[in-house]
Structure formats: C-alpha cells, structure tokens
2 protein chains.
Amino acid sequence: MDQAKGPRKGRAIGKTNDVNADLIAVVVAVNDAGPCVLTIEEGGALPSGPFELAHRSLQSGLRAWVELQTGQPLGYIEQLYTFADRDRVGANQRVISISYLALTREEDTGASGRRSWASWYDYFPWEDHRSGRPPIVLEELRPRLIEWADGADDGATRFDRRRRAAVAFALDGRAWNEELALQRYELLYEATLVEEAKRGGVSAILASVPGRSMIADHRRILATAIARLRSKIKYRPVVFELMPPLFTLLQLQRTVEALSGRLINKPNFRRLIEQQELVEKTGATTAETGGRPAQLYRFHHTILDERPVAGTKLPLARA
Amino acid sequence: MDQAKGPRKGRAIGKTNDVNADLIAVVVAVNDAGPCVLTIEEGGALPSGPFELAHRSLQSGLRAWVELQTGQPLGYIEQLYTFADRDRVGANQRVISISYLALTREEDTGASGRRSWASWYDYFPWEDHRSGRPPIVLEELRPRLIEWADGADDGATRFDRRRRAAVAFALDGRAWNEELALQRYELLYEATLVEEAKRGGVSAILASVPGRSMIADHRRILATAIARLRSKIKYRPVVFELMPPLFTLLQLQRTVEALSGRLINKPNFRRLIEQQELVEKTGATTAETGGRPAQLYRFHHTILDERPVAGTKLPLARA
DNA sequence: ACGTTTATAATCGTTGTGACTATAAGGGGT
DNA sequence: ACCCCTTATAGTCACAACGATTATAAACGT
C-alpha cells in the first residue's frame, strides 16, 4: 500500500499513528409526540461502537452496531461529520468519531432492551417554535447570554458576542432561523450554559442548565443532525423516509413542521407538494382525525431518479 | 474514557480495531487558466498524510501535511467526506480517508519542490461547459455509456442504466446540471470507463479513457470537492476566498464561471451581487483588460456575520 | 339544525430572476 | 480625428415562485 503511495514523505507506518474510530448514529423518526431520536441508556447516549476489521464498510459497521444495541434496522443513511476533538484523547490513542444520520419509521418496536425514543426538544427545548417562541429563550437564555457577552474583557468581544447571540437566537427583532441549531448549541457551549461545557471544570456550582445532556459530545452530534436535516428537507425529498407508505397531506405537513420546529401555511404547502409531483393519490381516504376525510397519498418514487436536485422546498414565513 | 462510555457493549480496546487515518486535501484556486487543484507527483496525487498524535486536530494535521508537501498555507477549510472503502485494506490494518476542501489564492509561489497546480478539467474534461457542451460527451462518453447500459443482463437494468446516464450527462434533451460532478464520475467508474476502475482487473486492454487519473481514490475525492463547491457557491459566499483583496465584478463572475463550468448572464450576475450587498466599491478603478475601466470592489466582511444563510445565488440559465 | 373540524380550491399581490436592450467609457488602429 | 472594438453599467420586461388570504366542500358531534 505504501509503495503505491510514494508521494508521502515522512510517513511512518506503526502503532504510533493508530487511532480508534467510533461510529455514532443519530436515528430519527417522527411520531405524534414530535421528532424523536433513538437512544440508549435511557436517553443518555446515542447508539455507537468502534469501526472494526470485520465491517465491510463504515455504513455496514454502523448498521451492525445500531441493530445490536437497539434492534432497529436502518434504511436511509447519510454521513454527518467526523470529529477528533477535545477531551477524547487517551494515552497514545486517539479517538475519531464518524457520525451518521439515519431516517426511519418508528414501527418495529422489537423489545430490544435498552433502547428508547426521546424527543429532540428534550435536549434542545429552545428549538421548538411551533407554538411561537418558547419562553425559555427570553426568560433564561437571553439574560445568561447577555451576562456572558458583558463578561468579556474588551469592547469588541462584547459587541461580537452580543451580535452572535442575537443572530443565533433571533433577538432584537431578528427572524428565527431554524437551520442554526448547531450554531446555537455551540454558542451555549462557548458561553458555558450547557452541562457538557462544565465537565471537568472547576465550577462545581451547576446552576440549572437548559435541556437534557448526553455523554461525551453526543448532544453536539445530535445538534449537527438536526441542523443538517432541517436544511436538507428544503431541497431534497427526504421527509418521505419518515412517513408511512400511505399518508395524508396534513400528516406530511405535521412531520415537516415537527422537524423544522415551525409552522407552515397549509394551502401553500399543499400547492408546493402537488405541483412538484412528489406524491400521487391512491384514491383511498381516511377519516380518523375528524372533519372531512382526507385523501391518502403515496410517495412518487420515480421522481427521485429523474430529478436529482428537486426537493421539498418549505413554504416558510418570510422575514 | 471507556468507563465514561459504559453503554458500549462488546467493545474491545486493542490493536485489532486500530485503523490508520489519512488526511487528504483538495486545495482549490482559480487563475486565468481556470480552476486549479494543488497536486504533488506532477498532478498524480493530492497532498495527504496520516493523522498523527502530534496533531492538535484533524484540521491542523491537514494544514501541516499540505504545508510540508507543498509549502502552501491554507485559509478556508471545510470537511468533505470520510471514506473507508474498497481496495484500501491492508493486512490487519484499515485506512480511513478523511478528505477536506480548502480554498486559497494562488499567490505565494514558494519554490516548494514537488507541488504543481493542475486544472480541474484535465481530470474531468466533460465538466467544462463554458463553451457549450464539450465534444467528448457526445463523441466518446455517450456511445460507451450506451454500450455499457445495453450490456446489462435484464431489461430493467438496461433501462435504469440508460436513464441514469441520461440524467447525469444531459442526454436526450435534458438540461446539464453542474452539481452532478460526483455522480458522473461514479457512473463512469461503474461503467469501467475510467482508469481507476480497471486497476487490478483482468482487462489489460486499456482502451483510451477520458481524463487524467490519480492514485488511489484521489480523483474521486476531487470530484467530491468539485460537486460540493459548485453547490456551495450558490448559497454561501465562499467564492471570495478565491479572490484577491480587490477585484472587478467581471473577475468575480469569471471565477464563478470557472468553478461552475458554465456561463452566467452578466447583468443578472451584477444585480445579484450588488443587491445582496456582498461587496463594496473601493472607488479605485482598473483598466488592464481593455475597454472601459472597471470599478474595483472589496468583499463586505461584516455581511458574513449578520446573515449566516445568505449567499451568492448564481443566476444560471433556466432549463 | 347548527357548529366544528378538516380538506380542497381559487385569488391577489409581491418578489425574484432570466433574457434582453441601451448607454457610457476607455484603448487601438487607420 | 475618427471609427471600431471591448468592457462597464443601467434599465426594462415578462414570467414564475411564493406568502397571505378567502371561499367552498365534506365529514362528525351535539
């Protein structure tokens, strides 16, 4: 192998450069309660395990670990990011985390022990704007962020911190941007307002921190997944990976709203979906919700192949 | 560390699961000749090297290797993808390739030995549509792709292959989509129409293959970078990383055209750039190109912080 | 019968943007 | 000096996308 790669200089094959690669999965589903993530340890961690020689590929290794730990088979998979960051260094060993996003339907509730579905918004209570801006933003986060900003040494840093907080959390009359989920989490981390940022720190005085945390950097990875998914549903029809075979347009809309954390105008949503020919009527109807029975639709699969770029643009409120 | 990660089951710390992680850089610049990539070995490989204990992070490791091998300091860096695929398996050792995209200006031509800038389109001659569709598509690729499609066993596969080829290469009256650069390369790989796909194969009869190749999967990584960059310039103002401090709007347009491989309507481009307030006039002008002297602009940096989503949407020809 | 809920259709006005035309300002050749 | 070339810059036009709103239809419950 190395002979074939002659160009490398100073390359030393040996144990000194070996690393341990972890595969971490964010498995997402949506149910009536909202968007969910598959967890182990009662919501304290994401399914994960080391990449091993026996695995044919990164993806198959990930599938194996998730199925072993939760019994959940995975369909759609997409690579998220590879981390090799802070506080994950061992003696003469480094850990690389390769994270994936998986979309599935919460059906096959195999009784596989330690798994459980947890709502996104238990971990990020400030991300759900479906009923307007959640109180936690103005009541808890804003004062603490301002306090953090004003604690900076020089004026330029204070100004910059206030601006970043305002952009991320839609303060000072700015518009909320649901895709900034990761930036919001990173900002709270930087401001030491999440539990993870206090680990190993001297401040044993743990004031109440917003949102439930996870081990290691799992919550950060979850934030990465949320941001990616919220962005992707706008230009690729990935929502359908989360839908049952037959669904009504309102169910589809509720799913998109659950993911994006904000409400959508109903007629516009219907028009967008229908004119893009992403779905087709089945003829059947359902009347389980009360009100006029709704048409049942099915995803129009061939569209995926023909139009690789088209997607489900979300009709979201203008700023 | 492992105690903190109690959830893992069947986890075995030991040499058996160790892997070697390679960092690979696609360093992009644009000059008068077009879009370029930084290479070593006379264009045969991308700068790369193993992730080592001494590196503080993945990014710093990458910077170190690129600077060591080419003398090029890196500015903007963005992670591309992590591969652990085919034919990169050694005995009891696996190689993970973590690839990055870097944008820079081709200025500091330090005389660092084995580096050289190579045009994208030497490796992907079918990707440059600035002067209309290149002849290679219809004259060479199309007949071979059809031959490959018709070589399938069953009719469904034949149909599917023809459709995929038509979508990727804009056959049968379809519109060219510059963002499908990676899919095109993968399709050619699957059809055994690129040199990499024939390595180790029995077919020693190497018919002339389109485009220059690289060692290992470096050309695939380059294709990934091109696709990512072509997509990203449409919604994030990353082009400016490739521009000198002062530039004219036409220079900016030529850069975008070089990257996307297609021409842009001039008035529309100017309107888009100016109304988004991405640039500001400096007052100075230049008259080096002949014709009326052009205003020199400068990137409006503050915009980056205020509008994290806004970008340089490309006014591209409608389908 | 009436109100409530949901589904479905239609309309209006603004914005975005692709395509095109026109005018201005320089240089070089004859 | 004039013409012609090249490039810069401004303006127009038409259509498509889309956010917001209203209206009508079809079920159920009281």
Side-chain angles (χ1 to χ4, degrees), chain A residues 32 175-178 233-235 246-257 260 262-297 307 309-319, chain B residues 32 129 175-178 233-235 246-257 260 262-298 307 309-319:
Chain A
D32 297 333
W176 177 257
N177 185 342
E178 75 277 2
I233 50 175
K234 291 183 183 172
Y235 62 96
L246 297 183
F247 50 85
T248 71
L249 290 187
L250 188 58
Q251 286 170 347
L252 183 64
Q253 179 179 349
R254 294 285 175 247
T255 301
V256 173
E257 288 175 340
S260 64
R262 59 193 309 173
L263 296 181
I264 300 174
N265 181 286
K266 194 199 296 201
N268 292 348
F269 181 79
R270 297 174 60 87
R271 176 177 60 189
L272 208 59
I273 297 295
E274 284 176 328
Q275 82 188 7
Q276 286 190 129
E277 294 177 323
L278 290 171
V279 296
E280 58 184 0
K281 276 186 184 165
T282 63
T285 60
T286 177
E288 82 284 7
T289 46
R292 174 173 167 179
Q295 291 282 337
L296 281 172
Y297 288 81
R307 295 195 311 204
V309 206
T312 313
K313 298 180 212 147
L314 290 185
L316 292 171
R318 202 174 285 172
Chain B
D32 298 333
H129 284 231
W176 177 258
N177 184 342
E178 75 278 359
I233 50 175
K234 292 183 184 172
Y235 62 94
L246 297 185
F247 51 86
T248 71
L249 290 187
L250 187 58
Q251 286 170 347
L252 183 65
Q253 180 179 348
R254 294 286 175 245
T255 301
V256 172
E257 289 175 339
S260 65
R262 61 193 308 172
L263 296 181
I264 301 174
N265 182 285
K266 194 202 288 203
N268 292 350
F269 181 80
R270 297 176 58 90
R271 177 178 59 190
L272 208 58
I273 297 295
E274 285 178 327
Q275 82 187 7
Q276 286 190 131
E277 295 177 322
L278 290 172
V279 296
E280 57 184 2
K281 276 186 187 166
T282 62
T285 61
T286 177
E288 83 284 7
T289 48
R292 172 173 167 179
Q295 291 282 337
L296 282 172
Y297 289 81
R298 157 194 319 132
R307 296 194 312 203
V309 208
T312 314
K313 296 182 211 146
L314 289 185
L316 292 171
R318 203 176 283 171

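Each chain gets a letter, A, B and so on, in the order the sequences are listed, and its residues count up from 1. The model shown is predicted, which means the values in this text are computed figures rather than measured ones. Values reported hereafter were calculated over all heavy atoms of this structure, with side chains retained and with hydrogens, waters and symmetry mates removed.
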**Request:** Please assess A:Glu274 against A:Tyr297 for the test side-chain hydrogen bond (donor to acceptor under 3.5 Å, both in side chains), listing each intermediate value before the final yes or no.
**Result:** CA-CA 10 Å; A:Glu274 284 176 328; A:Tyr297 288 81; 3.1 Å; yes

**Message:** Let's test your reading of the model: under 3.5 Å, does the base of C:dG16 pair with the side chain of B:Arg271 as donor and acceptor?
**Reply:** no

**Fill in**
note: B:Arg254, atom CZ; D:dT7, atom P; distance rounded to Å ~ 8 Å

**Request:** Indicate yes or no for a side-chain donor-acceptor contact from A:Gln251 to the backbone of A:Thr248 under 3.5 Å, with no hydrogens or angles considered.
**Result:** yes

**Prompt:** Between the main-chain N or O of A:Trp176 and the side-chain N or O of A:Arg262, is there a donor-acceptor pair closer than 3.5 Å?
**Reply:** yes

**Message:** On the nucleotide D:dA8, are OP1 or OP2 found under 4.0 Å from the side-chain N or O atoms that B:Lys266 carries?
**Reply:** yes

**Asked** In whole Å, what is the span from the CG atom of A:Leu250 to the C1' atom of C:dT5?
**Response** 11 Å

**Request:** Scan B:Leu249 against the nucleic acid and name what it touches under 4.0 Å (heavy atoms): base, sugar-phosphate only, or nothing.
**Result:** nothing

**Distance, rounded to the nearest Å, where B:Phe269 contributes CZ and C:dG16 contributes P** = 18 Å

**Message:** In whole Å, I'd like the distance from the OH atom of B:Tyr235 to the C1' atom of C:dG16.
**Reply:** 20 Å

**Request:** Would you mind reading off the distance between B:Ile273 atom CD1 and C:dG18 atom P, rounded to a whole angstrom?
**Result:** 12 Å

**Fill in**
Among C:dC20, D:dA8, D:dT22, the one nearest any side-chain atom of B:Asn265 is C:dC20

**Message:** Closest approach to the side chain of A:Pro267, judged atom by atom: which nucleotide of C:dA10, D:dA8, C:dA7 is it?
**Reply:** C:dA10

**Prompt:** Whole-Å distance between D:dA20 P and A:Leu263 CG?
**Reply:** 12 Å

**Request:** Would you indicate which nucleotide in D:dA20, D:dA10, D:dA8 comes nearest to any side-chain atom of A:Asn268?
**Result:** D:dA20

**Item:** Closest to the A:Arg270 side chain, choosing from C:dT21, C:dA7, D:dT22
**Value:** C:dA7

**Message:** Going by side chain to side chain donor-acceptor pair (under 3.5 Å), name the residues that satisfy it together with B:Gln253, two or more places apart in sequence or in a different chain.
**Reply:** B:Glu257

Report all interatomic pairs (protein N or O, nucleotide N or O of nucleotides 23-27 of chain C) with separations under 3.5 Å.
residue: C:dA24; atom: N3; partner: B:Arg292; partner atom: NH1; Å: 3.0
residue: C:dA25; atom: O4'; partner: B:Arg292; partner atom: NE; Å: 3.4

**Asked** So how far is it from B:Asp32 CG to B:Thr255 OG1, rounded to the nearest 0.5 Å?
**Response** 9.0 Å

**Asked** When the distance from CD1 of A:Ile264 to P of D:dA20 is rounded to whole Å, what number comes out?
**Response** 12 Å

**Asked** How many angstroms lie between OG1 in A:Thr286 and CG in A:Leu250, if you round to the nearest 0.5 Å?
**Response** 11.5 Å

**Asked** Considering residues at least two apart in sequence or located in another chain, which fulfil the side chain to side chain contact (heavy atoms under 4.5 Å, CB included) criterion with A:Thr285?
**Response** A:Pro293, A:Gln295

**Message:** Rounded to whole Å, how long is the line connecting atom CG of B:Leu272 with atom P of D:dT9?
**Reply:** 17 Å

